[in-house]
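Data first, discussion second: the structure below is written as structure tokens.
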4 protein chains.
Amino acid sequence: MSKTDKRKKVLAAAASVFSTRGFHQARMDEIAERAGVAKGTLYYNFSSKSKLFSATVTEGIDEIIAKIRAQIDSDMPFAEHFRQLIQCNVTLYLQYSDLARIVFNEVSSGMDDEILADIQTARARYVDCVADQLKDGQRSGHIKDVNLRLTAVAIVGMLDNLCNHHLRDPSSVGRDELVDLLFDLLSSGLTRESKLPSNFD
Amino acid sequence: MSKTDKRKKVLAAAASVFSTRGFHQARMDEIAERAGVAKGTLYYNFSSKSKLFSATVTEGIDEIIAKIRAQIDSDMPFAEHFRQLIQCNVTLYLQYSDLARIVFNEVSSGMDDEILADIQTARARYVDCVADQLKDGQRSGHIKDVNLRLTAVAIVGMLDNLCNHHLRDPSSVGRDELVDLLFDLLSSGLTRESKLPSNFD
Amino acid sequence: MSKTDKRKKVLAAAASVFSTRGFHQARMDEIAERAGVAKGTLYYNFSSKSKLFSATVTEGIDEIIAKIRAQIDSDMPFAEHFRQLIQCNVTLYLQYSDLARIVFNEVSSGMDDEILADIQTARARYVDCVADQLKDGQRSGHIKDVNLRLTAVAIVGMLDNLCNHHLRDPSSVGRDELVDLLFDLLSSGLTRESKLPSNFD
Amino acid sequence: MSKTDKRKKVLAAAASVFSTRGFHQARMDEIAERAGVAKGTLYYNFSSKSKLFSATVTEGIDEIIAKIRAQIDSDMPFAEHFRQLIQCNVTLYLQYSDLARIVFNEVSSGMDDEILADIQTARARYVDCVADQLKDGQRSGHIKDVNLRLTAVAIVGMLDNLCNHHLRDPSSVGRDELVDLLFDLLSSGLTRESKLPSNFD
DNA sequence: GATGAATGAGAGTTCATTCAT
DNA sequence: AATGAATGAACTCTCATTCAT
């Protein structure tokens, strides 16, 4: 078995355990066991629990971003394109929900500053990816002149919270409903379409 | 000193420590020290670390909800009212940012299921509070027919992510900008103003 | 059982284990077991293995120094007094040989700098104690004008090496022989008595 | 590269690392790295860490002894000869201070008995070397009738402690001062020269 | 002869929890 | 009601040693 094999196995096991338990509750023992290697092997490949966590997050998020970029087809009408974007993000979020939980929900506290920075960088790359998608729409005149980065932050927040809501109780709301809501909200906001701005008060 | 006094002191200290360190990194020792009581006193008032955490979160979130409800003045034009709502939520989020971090970012993993349920209930109460605010707008015909609960979830997600973005680097984006973006996005979405809501005020 | 009791028990067990195994080979488990307390109790009383070691050495060496000072009777002819001094140091060294081994032989490497400094300070106190003894002899005119501190260092070196030699193989040399050699060497050196210093070549 | 080449490289690296860190703190990894060989090569040449340590010490001490024997010139007046002897030992001790630290200060505890015996044998060879030097002086009538082995033990003790004192704080005492003190002490002891042995009381 | 990835027993340390006072 | 000394299970990390190549 090659070096790469064990490293990959460890990363996969780490993603699984960190997602289930969170960083602090994850035990290196369990990761080793699930990877089918000895505990020392974890430390042979990653110098600490924090570094393993960091690698798990970074490599995972980059995989997701690559998939998003690969799945986008911009040669269709904007509305359809935009809906596809949302759909794609929702689908990947739900598919990688364990990783997503790590990246978006456990970044706040009690970790080495260095590692924290790595993870925030990974998060930022995802936000940038979303912002890039918006930029295309802005260039083509379909999206108005807003602070794209900030808007991307807001979108990711919605995505995160909505998807978690769905995951906590899948029966309460379907995946399609999530996509519809996001599309609707992002397209035209909350105000009644029939009510013209003139008498919006 | 009455029982209630010490209990309150403990809760205040717990809020402070849990906020700073997060649940798993918070130490009962530090909470006791900051509360100025012996460690045993913590266990005299709360049966476990989890219960103390739960109480901290629950009582904190209820305090915030009460403040939001108290600050809303619905006797003004809707647009102004809506903006005030957003402003109020942003302000309170930033003010209680430590508590917010706990409630919205560390709920996911590695905690007793029972406690987790308590905290998710507290979260749900906040979401309900936001949904209630929307409901008023819907009743008065200013907000269109959307799934309010889901929309509230989305809004809270945006709020959370945007405020954290601001807190991580206050110089990158001002508080007012947050409010403006939220108001704009929620009012009319991302599509160009030329598309109808042109004279939206 | 009072706090002091357990602390003392731990120190005694630590002295025993550190002496037998040396610092790096001593296991906290064994110290706890020998003290009849839980491992956590070690850390409740001493913040780390190093600190426990430091306390063991410091408190031990101070006990020895106190005994030396108590046993000296300076109201006798100098030669006798001097021999008594040597006898007293040899006796105490052999009696506290475990501690002595720690203080004089394991100070060199692989320890926290802070702790190392503590131990060197303890060593220095012992050297000072010997130097003080010499000073009296110098004041009374019996000891010539030499660098007392340096001489004390040399004497402690002899004492250490000779006593260890005796301890390694007690049958090869008796305790009295050690005292005699030290007395003879320190009194008049190695040169033949018949040869007066004047024509020493 | 021949087997002997790598073996020598390993021994040199081992001396360097063991000296700096001491036996227990030295890591095989670091020795291998410093030797520029793989870790397995260490075990290919030496069956264990202890054996490697033993070989390092034994070969090192023999090198020193050979140098001492080579540097002695006995065709000069005794006093000068004796001073030269002391000077030579001090100089070599300081030059090989790392090895000396191992041999004289870390031999006591926490090592395999077998290895411990090897090292004590090496020490004994050094003591014998010093004793041999004294024997010449005794044969020529310059040194009085003392237990030479024991005296050599005492001298090595002084040498060790004084040199370490110098190494810990070179500014406090110069190398020449060490030699002078040793020469003076060994020649005529501590008593005032004016006081003849006859009325030494 | 030489390698270095892999191992796993064992180390120091932490900290929520208990209970005699 | 309140304490805090004591606990011990659980944790991360180390490193001498092995063995397939």
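Just so it is clear, the values below take in all heavy atoms, side chains as well, and ignore hydrogens, waters and symmetry mates. Numbered from 1 within each chain, the chains take letters A, B, ... in sequence-line order.
Rounded to whole angstrom, the span from the CD atom of B:Glu30 across to the P atom of E:dT14 amounts to 14 Å. Rounded to a whole Å, the CZ atom of B:Phe46 is 16 Å from the C1' atom of E:dA16. The NZ atom of D:Lys9 sits 11 Å away from the P atom of E:dA2 (whole-angstrom rounding). Rounded to a whole Å, the CZ atom of A:Arg21 is 13 Å from the P atom of F:dA10. The separation between B:Asn45 atom CG and F:dA2 atom C1' is 9 Å, rounded to whole Å. Look at CD1 on C:Ile115: it is 14 Å from C1' on E:dG12, rounded to the nearest Å.
Sorted by residue number, the members of residues 31-38 of chain B with any non-hydrogen atom under 4.0 Å from DNA chain F read B:Val37, B:Ala38.
Of the inter-residue distances, the one linking C:Thr41 atom OG1 with C:Ile31 atom CD1 reads 13.0 Å to the nearest 0.5 angstrom. Atom-to-atom distance recorded for D:Leu116:CG and D:Thr121:OG1 is 9.5 Å, nearest 0.5 angstrom. Taken from OG in D:Ser48 to CG in D:Leu42, the straight-line distance is 10.5 Å, to the nearest 0.5 Å.
Here the closest heavy-atom approach between residue A:Asp29 and residue A:Lys39 is recorded as OD1-CE, 2.8 Å. Taking both residues in full, the closest heavy atoms of A:Ile61 and A:Ala122 are given as CG2-CB, 3.5 Å, listed atom of the first, atom of the second, then distance. In this structure, A:Leu99 and A:Gly60 approach most closely via the heavy-atom pair CD2-C, 3.3 Å.
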Assign a letter to each nucleotide of nucleotides 13-20 of chain F from its 5' end: B, base within under 4.0 Å of a protein heavy atom; S, sugar-phosphate only; -, no contact. BBSBBB--

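Where DNA chain E pairs in unbroken runs of 3 or more (Watson-Crick or G-U, both distances under 3.5 Å), the stems are E:2-21 with F:2-21.
Looking only at side-chain heavy atoms (C-beta outward), A:Phe23 and B:His24 stay at 4.5 Å or farther from each other.
Aromatic ring orientation, C:Phe18 versus C:Phe53: perpendicular (interplanar angle above 60°, classes split at 30° and 60°).
Residues A:Asp5 and A:Lys8 are not paired through a salt bridge, judged by the lack of any N-O separation under 4.0 Å between the basic side chain and the carboxylate.
The phosphate of E:dA2 has neither OP1 nor OP2 within less than 4.0 Å of any side-chain N or O from D:Tyr44.
In this structure, D:Ser19 contributes its side chain and D:Ala15 its backbone to a donor-acceptor pair below 3.5 Å.
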Derivation and outcome, side chain to side chain contact (heavy atoms under 4.5 Å, CB included), residues D:Tyr44 and D:Lys6: CA-CA 10 Å; D:Tyr44 184 75; D:Lys6 292 224 166 175; over 6 Å; no

